[in-house]
Amino acid sequence: MSGPREGMKFWFGMYPSITFADGKCHVIPGFGNTGLFETSEGLVVFDVPIKQNALKTFNEIRNKTDKPVKYLIFSHGHFDHAFGFGPFLEEIREKGWEMPEIIGHENCVRRFNKYKMLEQYHNWINSQQFASVAPKDKTVATVSPKHSLEPTILMIGNEAKHSFNLGGVEFNLFHDKGETDDSIWMWIEEKETICTGDLLLSSFPNIGNPYKVQRYPLDWALALEKMIEKEAKFLIPGHGKFIEGREKVKDALSITSEAMHFVHDEVVKRLNEGKWFEQIYHEMMEIFPDKFKKHHMLSPIYGCYRFAIHATYRLYHGWYNTGNPTDLFPAKSNDIATELLKINDARSYLNHAVSLFEKDNFQLALHIIDIVLKGREKVTDDLYLDALILKSKILKKKATAEPSFIAANIIKNAVNQFKEEINILKQKLVK
Ligand SMILES: [Zn+2]
């Protein structure tokens, strides 16, 4: 079986752990994946999963080996790569072992500090982004940034590299920007293995995430090219399927790098042609090559091409997106809608939205419905209710057709919000 749903199963790490190379290397799948390397002097662990997966990952490691962890590397400081360390620390305390070295980039420490400063805000955006898998009780934080594990070895600067030897095995770490500015990837020549962190996923790169800060398409492409040079045989991605075989590894890295170059270069070209976001976006939707569209490594199940266009534009451009001075200091959208409702009544707009909907022109229908919804003060309860129901219906259809987990969650969140509003209004109208 394949397709987006099956893809998500792998993406969330729901497959058995895999032992490879000389039998001393393992991938422990989770949200995200952990790379485990056994040496005669102890273990090297590349990434720990999100806190909720920590015990499962820990137990799987302990089913394979009882050696102490000597090095723990954070590919970056996201919640799903650097916070599932609890069971390891507990074990260290119980057994009286020495703490392992924790390796991270200096920007990882800045990230942890930022998370502490913005804890409530991040809880909120993560509850939106992960709504379909988040705890129903919205007061339960997915992970608290209060309990972070500070790196003991810091990789400093943009060109940072770090190598260490454990039990005669050489581990090489490199910093490159991509999904984040604190990324580290690992190359183990003796094992012919690369651990990429989120620089590679079984999905279109998560670049241009609508909720998250700037990400780096060109650096990302270049990082993948550096990985290609290693000619690895095994690749542990940050999320999704373990990749085995020199050709498969090369293909996964190459196609992802190519896609990042494509998005980057095409946006840059259009910026140089003096185009604004709307034109760039719609033109780029027309030219996305089939070889990317059809490639399993680039399926838009989490991040997607549409988001990537935003990422590149935002990297080089400020927030003035349209070139239309009307939009520089715009009026409130509710006030604009109220004025439009003085020209034509809500029923006419709604009828027009219905006709667009019936022609499957969902997006334009949404824009017209919003005039009715945003002009709430000018609209009777029953018309407002009809508009809400129509919008909800359209969004449900869009959510069903939406391959991106993040985009689908954004749409579903609105549907859930409308559900409550619709019920309240229905009860009010019955009375
Ligand atoms: Zn991740």
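Numbering starts at 1 and runs along the sequence shown. Remember, it's 1-based here, ligands and their atoms both numbered in the order they're listed.
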Next on the checklist: Quick check: Phe112 with Phe83 (ring centres under 6.0 Å apart)?
Outcome noted: yes

Checklist entry - For Asn409 and Ala131, which heavy atoms make the closest approach, and how far apart are they? => result ND2-N, 3.6 Å

Checklist entry - Between Ala399 and Ala408, which heavy-atom pair has the shortest distance, and what is it? => result O-CB, 4.3 Å

Checklist entry - In Asp198, the N, O or S atom nearest to the Zn ion (ligand 1) is which? => result OD2

Checklist entry - Which N, O or S atom name in Asp80 marks its closest approach to the Zn ion (ligand 1)? => result OD2

Checklist entry - Closer than 2.8 Å to the Zn ion (ligand 1), do we get an N, O or S atom from His239, backbone or side chain? => result yes

Next on the checklist: Less than 6.0 angstrom from the centroid, inside 45 degrees of the normal: does Arg306 satisfy that with respect to the ring of Tyr281?
Outcome noted: no

Checklist entry - Would His78 count as a contact for the Zn ion (ligand 1), in the sense that one of its N, O or S atoms lies under 2.8 Å from it? => result no

